[in-house]
Novice: 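The structure is given below, and queries will be raised subsequently.
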Amino acid sequence: MANQRFRPLIWCRKWSKRDQAIAAAATGFAIFIITFSVFSDSRTKPSAQQPLNPSSTPLWVPLTLLRNATHRGAFCLDGSLPAYHLQKGFGSGSSNWVLHIEGGGWCDTILSCSSRKRTELGSSRYMDGQVRFSGILSQELSQNPDFFNWNKVKIRYCDGASFAGHPESEFKNGTELFFRGQLIWETLMEELLSIGLSNARQALLSGCSAGGLATLIHCDNFRKILPKYATVKCLADAGFFLNVKDVAGHRTIETFYQDVVHLQAVAKSLDKDCVARLEPSKCFFPQEFIKNIKTPIFLVHPAYDFWQIKHIFVPDESDPHGSWFKCKLNIDNCNPSQMEVLHGYRHSLLKVLSEFQQNKEGGMFINSCYVHCQTWMTETWHSSNSPRINSKTIAESVGDWFFNRQVAKQIDCPYPCNPTCYNIGFT
Ligand SMILES: *[C@@H]1O[C@H](CO)[C@@H](O)[C@H](O)[C@H]1NC(C)=O
Ligand SMILES: *[C@@H]1O[C@H](CO)[C@@H](O)[C@H](O)[C@H]1NC(C)=O
C-alpha cells in the first residue's frame, strides 16, 4: 500500500519485565516533551509479515484503512483515510467486541494541527503497518482473562480532537486541514456494524488518554447503535482530565481546551445538557458530563497521572526556574513540599469523583501510581507483578464490573503506600 510507510526497525522485544515496560514509556515521554501529546503504543513491528496464528505470541495485527471514508469525507487531519486494526474473536468470544481508542493529546492551533499532519497522529500515511495487541487487546487467556477471545479493534487516532471535530470550522482560504473527527467516528462504526458488531452480545468501548475522553464522549452513542439485548459498557483509561489551575494559578488546561474546541467546532459533539448550561469547552471535561452518561462507565485512573501532572498541573511555563524538573522525571525525587502539592492534586481528583463513586453501575480503579495509560500494556493490565489494589489487578477489577461479579470501586491509599505500582521514572 503506497501510504503505509515502513520505518527502520528497532528491536526491543520480550516485554515481560517491568524495566522494559518503563523504558517503553520513556520512549513515549520523549515525544511528550516535544509536543503536547499523550503517548500511544510506541512499540516497533517485525520486518516481515507474520501469519495470524491465534495460538502464536506476540500477535501483530495489520492496519485496515477505512475505505468508505472516501465518499463520507471522513478524513484524518491531512486528508488521508482513517484506519483501525481488527482481530477476529474466537470460541465463546465470537460475538463479543472490545474496542480500544488510542490516545495522543490534541491539537489546538493551525500550527500544531499542521505539524500533526506529518505524524501518525494526523495521517494514516505514517501509521505502522501492523501493531502488537497486548493488555486489554491481548489474545492470551493468562494476560487477558475475560476478553482474550473477543473480537478486538484498535482504533487509530488521527483527527486531533478526540473524534469530536466538525468540518464547519475548516478554513476556506488554502489552509489544508480536515476537521472530521465526528464523521470518522460515524463511518468507522458503520463499518464495524457491517462486519459483525451489529450482532454483538457483549461490547466494551475503551480508550486511553485522549482516546479515554473520546470513549466518554461517544459512550451513549455506542450503546444506541448496538442491539438492545446486548450488554454494552465503556471504560476510560486515564481519560478523566481534571479542570484544575496549575501550580502557578494559571488555567492552563482550560485555555488549551477552549482553543481545541473552538478550532475544530467540537461543541456539536458534546453533551447537550452541559453545552446548554456552560461555555462549551468546559463540557470537554468529563467532570461536567459524566453524570449525564447513561451507559455504565469504568474509570481506570492514576491519582498521580504522570501526563496530567507534567502538562496540566506543572507545565514548564508555570515552573520557570525548573524547580519541578527532577520531581516530574521521577516522583521519588519530589521534595516534601512538592509531594504535598501532588497529594493535593489527588485530593481534587477524589473530590470530583465522589459523586461518581455513588453510581451503582459504575466502577473505578484509582491507583496511586505515577503513570498514565494502564490498560494497553500487559505489564500494567494483568501480570504477576502488575499494580493491584486489594490484591486485584486492573483486568480483574474491570472484569468484576463488566460481568457484575462484584462491586469494583477500588481507591488506593496515597503514594508511596502501594509497592505494586509501576511508576514512570527516568534516571
Ligand atoms: C486562513 O485563515 C486563518 C484564520 O483566519 C488564518 O489564521 C490563516 O493564516 C489563513 N491561512 C492562509 C493560508 O491565509
Ligand atoms: C459504505 O457506504 C455505502 C453508502 O453509504 C453503504 O451503503 C455501505 O453499507 C457502506 N459500507 C460499509 C462497510 O460501511
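By convention here, the first residue in the shown sequence is residue 1. Just follow the structure's listing: the first ligand is 1, and inside any ligand the first atom is 1.
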Novice: Which pair of heavy atoms, one from Ala265 and one from His166, lies closest together, and at what distance?
Specialist: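 Minimum heavy-atom separation between Ala265 and His166: O-CD2, 3.1 Å.
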Novice: Within a distance under 4.0 Å of any heavy atom of Phe171, pick out the atoms of ligand 1 and give their elements.
Specialist: 2 (O), 3 (C), 4 (C)
Novice: List the atom of Leu121, the atom of Leu77, and the distance in Å for their closest heavy-atom pair.
Specialist: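 That closest heavy-atom pairing would be O-CD1, 4.5 Å.
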Novice: Could you please spell out the steps behind the side-chain hydrogen bond (donor to acceptor under 3.5 Å, both in side chains) verdict for Thr109 and Asp259?
Specialist: CA-CA 7 Å; Thr109 61; Asp259 293 343; over 6 Å; no
Novice: Tell me: protein heavy atom nearest atom 1 (C) of ligand 2, and distance?
Specialist: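 Residue, atom and distance for the closest contact: Asn68 ND2, 1.4 Å.
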Novice: What protein heavy atom lies closest to atom 2 (O) of ligand 1? Include the residue and the distance to one decimal.
Specialist: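 The closest one turns out to be Asn173 ND2, 2.4 Å.
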Novice: Pull out every atom of ligand 2 sitting under 4.0 Å from any heavy atom of Ser194, numbered as shown with elements.
Specialist: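 Going through ligand 2 atom by atom, the ones under 4.0 Å from Ser194 are 13 (C).
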Novice: Quiz question for you: does at least one protein heavy atom lie closer than 4.0 Å to atom 9 (O) of ligand 2?
Specialist: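 It does not; no protein heavy atom is within 4.0 Å.
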Novice: His71 to ligand 2: N or O pair under 3.5 Å?
Specialist: yes
Novice: Test Gln374 against every option in Asn367, Asp237, Thr380 by the side chain to side chain donor-acceptor pair (under 3.5 Å) rule and name the one that passes.
Specialist: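 Per the side chain to side chain donor-acceptor pair (under 3.5 Å) rule, the option paired with Gln374 is Asn367, out of Asn367, Asp237, Thr380.
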Novice: Nearest protein heavy-atom contact for atom 11 (N) of ligand 1: which residue, which atom, what distance?
Specialist: Thr175 OG1, 2.9 Å
Novice: I need the atoms of ligand 2 closer than 4.0 Å to a non-hydrogen atom of Glu191, numbered in the order shown.
Specialist: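 This gives 14 (O) as the contact atoms.
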Novice: Of the non-hydrogen atoms in Cys76 and Ser124, which two are nearest, and what is the gap between them?
Specialist: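 Between these two residues, the closest heavy atoms are SG-N, 4.0 Å.
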Novice: Would you say Asp108's side chain and Val260's backbone share a donor-acceptor pair under 3.5 angstrom?
Specialist: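 It does not hold such a pair.
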Novice: Which protein non-hydrogen atom lies closest to atom 6 (C) of ligand 1, naming both residue and atom, and how far is it?
Specialist: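 Residue, atom and distance for the closest contact: Ile110 CD1, 3.9 Å.
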Novice: I'd like to know if Lys268 and Glu168 make a salt bridge, using a cut-off of under 4.0 Å between side-chain N and carboxylate O.
Specialist: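 Counted as a salt bridge, because a side-chain N and a carboxylate O are separated by less than 4.0 Å.
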